[in-house]
Amino acid sequence: MPELPEVETTRRGLAPHCVGRALVRLKVREPRLRWLVAESLPAQAAGRGIASVGRRGKYLIFALEGDLNLLLHLGMSGHMRVVSARQPVKPHDHVDFCLDDGAILRFNDPRRFGSLHAIEGPTDAHPLLASLGPEPLSAAFTGALLHRVGQGRRAPIKSVIMDSHVVVGVGNIYATEALYRAGIHPARAAGRIARARYDRLVNEIKAVLAEAIEAGGTTLRDFSRTDGLPGYFAQTLAVYGRGGEPCRACGRALRSIRLGQRATVYCPRCQR
DNA sequence: ATATGAGCCTGTATGC
DNA sequence: TGCATACAGGCTCATA
């Protein structure tokens, strides 16, 4: 399930294939994604050069010539793959970005939680992006900021760091891992965490995301890299998906709970 | 303002 | 074996 490292892995995989090329055709087989893909979009985008592939949070942004941007979200089961034109279409291959060298960037998303939008001009003001929090790997994301945001809040810290208005890109897997590394109980009220512990938490969020990007992301079920290979971070996960198994630090059985409708695993001894 | 819950989807795993 | 149900979860919207 794509979180920031998976989306960044996708961005890095796509860019060398498509930047500087032209998008000769955009083929939408299934417009019913999270939101209906606009009928006008293929005609609007076709024939334009691709200037860059960027990312904001979990959104990929294809900057096209003529000040048009394509905003693509992978949802939770989506992935992009670079294929040849002869590659047979598989179930859930919803959109093809056909390039002028014959290659295709193919979007597959079984659960259709993904989305595709065209944005004319700057993307920052678009409703989907305007109220997003800072990038977790940027200098703007600090312990001081998170501490300030958490002031007075009774919500569990895990819910707060997964809130994209607070910080983008931290989903269930990496929130779970970062809290374990930081020694913070996921259900602890955000307003009851000391500043120094927030510094630690922010450092661990940055570290776990950076490590996951280096490993090509985490492949559990649907995600794959643009070349079809899996990401290798799954084997590095210390707690996610390991409920009942022993903590690698202290040996106690890891505990599984639900927090805000999300599966959550933590060590009852190491995390307070 | 914050917090909680529903809903969007379908492949996979589990229970009877 | 086969069916029904639960679960996975990023994000927005509605409601308290």
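Just so you know, these numbers come straight off a predicted model, no measurement behind them. Quick note on labels: first sequence line is chain A, next is B, and so on, each numbered from 1.
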Phosphate-side-chain proximity, H73(A) and dG10(C), N/O vs OP1/OP2 below 4.0 Å: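 Answer is no, no contact under 4.0 Å.
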Phosphate-side-chain proximity, Q261(A) and dG5(B), N/O vs OP1/OP2 below 4.0 Å: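 Looking at the OP1 and OP2 atoms of dG5(B), one of them is under 4.0 Å from a side-chain N or O of Q261(A).
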Whole angstrom value for the distance that separates [atom2] of [N] from [atom1] of [X]:
X       : N       : atom1 : atom2 : result
F113(A) : dA8(C)  : CZ    : P     : 13 Å
M162(A) : dA8(C)  : CE    : C1'   : 12 Å
L259(A) : dG5(B)  : CG    : C1'   : 14 Å
L129(A) : dT12(C) : CG    : P     : 9 Å
L60(A)  : dG10(C) : CG    : C1'   : 14 Å

From dG10(C), dA3(B), dA8(C), nucleotide with atom closest to K58(A) side chain: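 The listed nucleotide nearest to K58(A)'s side chain is dG10(C).
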Out of dT12(C), dA8(C), dT4(B), whichever nucleotide has its closest atom nearest the side chain of S164(A):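 It is dT12(C).
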Sugar-phosphate, base or nothing in reach of R153(A), heavy atoms under 4.0 Å: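 Sugar-phosphate only.
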Sugar-phosphate, base or nothing in reach of R262(A), heavy atoms under 4.0 Å: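 Base contact.
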Presence of donor-acceptor pair under 3.5 Å, side chain of R111(A) and base of dG10(C):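 No, no donor-acceptor pair under 3.5 Å.
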Separation of R11(A) CZ from S52(A) OG (nearest 0.5 Å):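 Here the interatomic distance stands at 9.0 Å.
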Residue closer to the 5' end of DNA chain B, H92(A) versus R34(A) (nearest nucleotide):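 Checking each residue's closest nucleotide, the 5'-ward one belongs to R34(A).
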N/O donor-acceptor pair under 3.5 Å between E204(A) side chain and L179(A) backbone: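 Answer holds: no.
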